[in-house]
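Note that ligands are numbered from 1 as they come in the structure, with each ligand's atoms numbered from 1 the same way. Heavy atoms only: backbone and side chains are in, while hydrogens, waters and symmetry mates are out.
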Amino acid sequence: MHVYGADYYPEHWSQSMWDEHIKIMKEYGIEWVRIGEFDWALIEPIDGVFDFTILDRAVDKLRDKGIKIIFGTPTATPPAWLVKKYPEILPMDRSGRVREPGSRRHYTPNSPIFRQYAMRLVGEYVQHYADAADMWQVDNEFGCHGTKFSFTENDRKAFIEWLKKRYGTLENLNAAWGTIFWSQTYDDWDEIVFPLNTPTFENPHQMLDIHRFMSDSTIDFMNAQIEIIRKYSDKPITHNFMVDFMDLDYKKMARYIDIVSWDNYVATDDYDPLRQSANHVMMRSLKKSPFLVMEQQPGRVNWRQRNENYPGEYLGMWTKQAYVDGALGVMVFRFDQIRFGAEQYHGGLLDYASRPTKRLVEFSKAREETCGVVNPIRRVAIYFDYENEWIHRINHINRDFRYWDSVVEIYKAVRRIGSNVDFVFSDDDLEEYDVLIVPYAFKIEKTFVNKIKDFKGPVYMTCMSGLKDEKNWIVENAPEGLTEEFGIEVVDFGAIDDKEMLLNNVPHRARYWQDEVELNGAKVVSAFVDGTPALTLNTSSGKERFYVTSVLDENTWIEILHDKLPLRIVGSDVQFAEDSDNMYILNLRNSPNVIYLNSQKLKLEPFELRKVIK
Ligand code: GLA
């Protein structure tokens with residue numbers, strides 16, 4: 001990897017501490033820092049008065065010592081004077097309550113006055129640091145803390161303009177939203193309001209457009225900043241995406257930035273290393289290129305119900321895992337450990353007395369083992385679409401079902417067999433892949449329907465796929481445009497809890513949803529105990545087209561996929577990848593582990609990364 005660094009907050013310390021911090025950075029190989037993303041009030045303490053004195057001093061010291069700098073544009077923390085003068089910049093939540101200042105992200109991108117002030121700030125900031133910057137980060141974690149949504153009058157007006165662009169006429173909108181249902185027909189654009197606090201279920205077609213609009217509003221705000229940055233700087237631009245985060249269309253956002261970066265924090269109460277890996281791979285898949293970990297969890301965080309203190313060795317492993325999944329670098333959040341503020345319990349690479357910790361030692365050691373950027377060979381493509389996440393959220397026949405969780409089950413199965421994955425989107429080519437999986441994809445873009453038909457290798461498609469269209473209507477013949485390809489038609493469906501199916505005479509469990517399918521050429525490979533189809537196979541086109549009528553777990557997917565994918569690795573808590581030169585075996589345990597690679601026994605040390613030349 002090329003980028004080793006940490007997120008640093010000089011403004012949180014007396015200037016006398018900076019030299020000490022920078023000395024430690026040099027000692028432990030910290031070559032990059034990210035600064036400034038929360039410094040609006042420091043840089044513009046009074047409306048229109050810009051003062052870069054303090055940050056300049058820190059920047060000079062860092063650059064004097066050859067430390068590269070990522071500047072974050074500080075629009076995520078509007079200052080008190082701006083809120084006092086223009087309270088309309090504050091967002092409003094779904095219950096119609098204003099989200100007050102006092103933390104961060106208290107703005108709506110659809111407030112014209114906020115945009116005006118934000119763009120002025122970004123203009124001043126970028127011009128001032130254009131020569132000092134090695135990279136730019138726009139704002140910080142768009143959509144975090146549920147801030148994708150805001151329902152102020154400014155948001156409503158912007159939404160109506162967005163709808164006019166999308167539908168042109170009210171007639172088109174009424175048709176697409178099916179407003180004849182429950183007398184929701186609109187005769188005037190200005191009648192359209194956000195469905196806040198409705199007595200019962202909202203209009204699912206309107207809700208999908210609200211998801212789209214809110215995501216687009218954020219992207220538009222990001223692009224307005226990017227436009228300013230590009231005017232004064234040719235350095236790469238990124239935005240820091242989040243773990244397991246599906247509120248915003250990251251695929252669409254990634255189009256406009258040069259490098260995808262993300263913040264790697266443990267996503268679940270019970271740490272699941274392959275789930276973290278699924279996030280790495282999603283980030284790599286957005287632009288099919290190496291990504292940066294902009295914030296790597298150091299050990300303890302402050303924002304979970306229980307914030308355990310992971311031993312320093314974990315940071316070493318997390319850094320190696322990012323490397324094996326194709327990262328170009330890791331920045332740890334945060335270098336310094338702050339003694340005050342909302343995140344005073346958050347761990348850092350230094351302790352509260354600014355002394356190096358075991359975390360810093362382990363990070364520095366991992367640096368030695370992660371030279372270059374791994375370009376892993378990927379055989380399996382998993383189809384993904386952020387809009388499907390929103391469609392799953394809006395309404396469902398089984399509200400316990402979670403799209404990403406169920407996709408991650410498949411991802412983990414493929415990785416445990418020893419193959420690697422790309423998440424693919426509608427506009428991606430599928431040439432390089434051996435196996436294609438299309439899971440729970442309510443809406444499949446027409447372009448991708450054709451790519452499925454043209455795919456030479458086996459395709460596995462699951463229930464819920466091709467059942468809805470881009471208006472969020474249910475289609476007449478599902479899977480839409482693919483009934484002949486898979487030799488089945490979905491004639492009905494319903495929620496299930498825990499239903500047994502037999503696969504190679506071994507019982508497996510199926511959950512959440514079961515399709516009732518009519519066979520039109522396909523044969524049954526596996527059935528439920530009640531005899532209904534669980535897995536069908538159609539080969540009439542000369543290609544293998546599997547249809548899975550329910551939601552299956554990791555182990556069942558391993559059972560289904562292992563005869564199509566070479567079994568490279570036997571063992572648990574291990575991650576395997578290979579590129580053209582090497583194989584990479586990462587022990588995900590903080591204890592010794594024995595695994596078999598191509599039936600050769602390997603004894604691995606705790607969190608060891610073993611590189612085997614091919
Ligand atoms: C996020 C933010 C950081 C900080 C960390 C805490 O990722 O970007 O500013 O709040 O979480 O873990």
Novice: Would you say the rings of Phe221 and Tyr107 are close, in the sense that their centroids are separated by under 6.0 Å?
Specialist: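 When the ring centroids of Tyr107 and Phe221 are compared, they turn out to be within the sub-6.0 Å range.
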Novice: How are the rings of Phe340 and His12 set relative to one another: parallel (under 30°), tilted (30 to 60°) or perpendicular (over 60°)?
Specialist: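 Perpendicular: the ring planes of Phe340 and His12 meet at over 60°.
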Novice: Could you check whether any side-chain N or O of Arg304 sits under 3.5 Å from a backbone N or O of Val301, counting only pairs where one atom can act as donor and the other as acceptor?
Specialist: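 Side chain of Arg304 to backbone of Val301: no pair is present.
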Novice: Minimum distance, heavy atoms only, to atom 5 (C) of ligand 1: which one of Tyr9, Trp262, Trp303, Tyr265 is it?
Specialist: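 Minimum heavy-atom distance to atom 5 (C) of ligand 1 goes to Tyr265.
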Novice: Answer yes or no on whether Lys65 is positioned over the face of Trp18, meaning its NZ or CZ is under 6.0 Å from the six-membered ring centre and within 45° of the axis.
Specialist: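 The answer is no, since Lys65 fails at least one limit relative to Trp18.
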Novice: Between Glu141 and ligand 1, does any nitrogen or oxygen pair lie at a separation below 3.5 Å?
Specialist: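 Between Glu141 and ligand 1, an N or O pair is found under 3.5 Å apart.
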Novice: What do we get for Glu343 next to ligand 1 when only non-hydrogen atoms under 4.0 Å count, side chain, backbone, both or neither?
Specialist: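 For Glu343, the contact with ligand 1 is made by the side chain alone.
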Novice: Compute the shortest N/O to N/O distance between Arg34 and ligand 1 and return yes if it is under 3.5 Å, no if not.
Specialist: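 No, since none of the N or O atoms of Arg34 sits under 3.5 Å from an N or O of ligand 1.
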Novice: Does an N or O from His346, backbone or side chain, lie closer than 3.5 Å to an N or O of ligand 1?
Specialist: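 His346 vs ligand 1: N/O contact under 3.5 Å present.
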Novice: Show which atoms of ligand 1 fall inside a sub-4.0 Å distance from at least one heavy-atom site of Asp263.
Specialist: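 Taking each heavy atom of Asp263 in turn, ligand 1 has 7 (O), 8 (O) under 4.0 Å.
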Novice: What do we get for Asn140 next to ligand 1 when only non-hydrogen atoms under 4.0 Å count, side chain, backbone, both or neither?
Specialist: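 Just the side chain.
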Novice: With a cut-off of 6.0 Å (strictly less than), are more than 12 heavy atoms of other residues, nucleotides or ligands near CZ of Arg97?
Specialist: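 No, CZ of Arg97 has 12 or fewer neighbouring heavy atoms, counting only those of other groups under 6.0 Å.
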Novice: Under the criterion salt bridge (charged side-chain N to carboxylate O under 4.0 Å, His left out), which of Asp427, Asp385, Asp216 is the partner of Lys252?
Specialist: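 Single pass found, and it is Asp216.
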Novice: Near Phe333, which atoms of ligand 1 are under 4.0 Å from a heavy atom of that residue?
Specialist: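 So the atoms of ligand 1 that pass are 3 (C), 4 (C), 5 (C), 6 (C), 9 (O).
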Novice: Verify the ring-centre separation between Phe607 and Tyr314: is it less than 6.0 angstrom?
Specialist: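 Tyr314 vs Phe607: aromatic centres under 6.0 Å.
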Novice: Measure from atom 9 (O) of ligand 1 to every heavy atom in Arg334, Arg104, Gln297 and give the option owning the shortest one.
Specialist: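 Nearest heavy atom to atom 9 (O) of ligand 1 lies in Arg104.
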Novice: Using a 4.0 Å cut-off to any heavy atom of Phe38, which atoms of ligand 1 qualify?
Specialist: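 Reading through ligand 1 atom by atom, the close ones are 9 (O).
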Novice: Please work out whether the ring planes of Phe423 and Tyr411 are parallel, tilted or perpendicular, with thresholds of 30° and 60°.
Specialist: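 The rings of Phe423 and Tyr411 lie parallel, inter-plane angle below 30°.
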Novice: Could you say whether the N/O atoms of Glu295 and ligand 1 ever approach to under 3.5 Å?
Specialist: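 Right, the criterion is met.
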